Peer 1: 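The structure's right below; bear with me while I get my questions together.
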Amino acid sequence: MIDLLVVGGGPAGLATAIHGARAGLEVVVAERRHGAIDKACGEGLMPHTLRHLHRLGVHPHGKPIRGITYQDGQRQVDAPFKKGTGRGVRRTVLHGALLDAAAEVGVQICHDEVRAISQDAAGVRAGRFRARYLAAADGLHSPIRRSLGLEQPSAGPRRWGIRRHVETAPWSDHVEVHWAAGAEAYVTPVADDCVGIALLTSHRGGFDRHLEEFPILRDRIDGHPHEPDRAAGRVLLVGDAAGYVDALTGEGLGLAFGAAEQLVSCVVNDRPEDYDRRWRQITRRYRMLTATLLQASAYAPARSRIVPAAVAMPAVFTGVVNLLAQ
Ligand SMILES: Cc1cc2nc3c(=O)[nH]c(=O)nc-3n(C[C@H](O)[C@H](O)[C@H](O)COP(=O)(O)OP(=O)(O)OC[C@H]3O[C@@H](n4cnc5c(N)ncnc54)[C@H](O)[C@@H]3O)c2cc1C
């Protein structure tokens, strides 16, 4: 019988497994995914997080972080760390380093999805595994927690995380937290030529749409390529495949035709790397206006005022329509 079965091989599961193996336990990790797993994450390791990693013998490569900055478009406040530095580390780099450390101490990782668990006085059964103890490290929405009736009522509205890596030299050694009405953006330096931006929001929607809520950040990264892009090598995305905010402003076909022209120009010039920047340029006005209108229309009191406002201010309404129509 295994001493400790860990379900979930994310950071929590792998850290548990490493500690367990070091304590002399036979540990098996059941993780359904393969390799270094990526995930929407701010990728900022605080000084205390680095101290924990150090104790695990895990030293992932990244960029030093010396504090946290909060800003909301008008104000900014810096809080330098008083003791120690943190580190910005790409999620896959962190996960790879944890996997290496787990392998070094003899943790066995099985790629398996654990579906149901049961227990008796002597141990726990989970699929094909039988163990003395089970550590459930199966993430935020932990099905195991739910199956045991340990689910806590959620503290607030559901939030979604989306992340993008932008190819640019970091402009700060602080993690910047940008605050907007319905979302936060966490900006973390993770390499000499890369900044990670994680958006946490209570509304569904794509990265570009949410980024419009952070004009200072949007302008700073404008034109810098990111991964994934509207181009991957020699494959370029066009039309709805390239990303579409909403049908609200009736722009889809016009944008598809505009992007088609840009795509062919990039192909003719053999410069696929220019395509994403050009796509952004031609779609910016649409993305900004559509995102703003969508935000307003999602909020019931504002929604009911849209038509009366248009009737009361026909010049403004005509201006917005023409901004989109030109
Ligand atoms: C937008 C955002 C930004 C964040 N920024 C930061 C930050 O800057 N710094 C920081 O310290 N933290 C940050 N966090 C939090 C951090 O990402 C989490 O705390 C961390 O990922 C928790 O790790 P975990 O191992 O518990 O869960 P996960 O990383 O979710 O791992 C769970 C694993 O379990 C596996 N699994 C699930 N069910 C099963 C099953 N039945 N069978 C087999 N495998 C299963 C999954 O495949 C997954 O690999 C952020 C989170 C979000 C959403």
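Indexing begins at 1, ligand by ligand and atom by atom, following the structure's order. Excluded from the calculations below are hydrogen atoms, water molecules and symmetry mates; all remaining heavy atoms, backbone and side chain alike, are included. Because the structure is predicted, anything quoted here is derived from the model rather than measured.
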Peer 1: Any chain of hydrophobic side-chain contacts (each under 4.5 Å) joining Val105 to Val27?
Peer 2: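 In one cluster with Val105: Val27, yes.
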
Peer 1: Name the residues in contact with ligand 1, where contact means a heavy atom under 4.0 Å away: which are they?
Peer 2: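 Within 4.0 Å of ligand 1, protein side: Val7, Gly8, Gly10, Pro11, Ala12, Ala30, Glu31, Arg32, Arg33, Ile37, Lys39, Ala40, Cys41, Gly42, Glu43, Gly44, Arg91, Asp112, Glu113, Val114, Ala137, Asp138, Gly139, Gly161, Leu200.
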
Peer 1: Quick one: list whatever passes side-chain contact (heavy atoms from CB on, under 4.5 Å) with Leu200, sequence neighbours left out.
Peer 2: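 Counting only residues at least two positions away or on another chain, Leu200 forms a side-chain contact (heavy atoms from CB on, under 4.5 Å) with Arg159, Glu184, Tyr186.
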
Peer 1: For the pair Asp192 and Lys63, find out whether any cationic side-chain nitrogen is under 4.0 Å from an anionic carboxylate oxygen.
Peer 2: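 Yes, this pair counts.
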
Peer 1: Could you tell me which residues satisfy ring-ring contact (aromatic ring centres under 6.0 Å, His included) with His141, sequence neighbours excluded, listed by chain and number?
Peer 2: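 Partners of His141 by the ring-ring contact (aromatic ring centres under 6.0 Å, His included) criterion come out as none, since no residue qualifies.
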
Peer 1: Return the orientation label for the His111 and His34 ring planes: parallel under 30°, perpendicular over 60°, tilted otherwise.
Peer 2: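 Ring orientation, 0 to 90° scale: parallel.
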
Peer 1: Just to verify, what does His19 make a ring-ring contact (aromatic ring centres under 6.0 Å, His included) with, not counting sequence neighbours?
Peer 2: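 Result, ring-ring contact (aromatic ring centres under 6.0 Å, His included) vs His19: none returned.
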
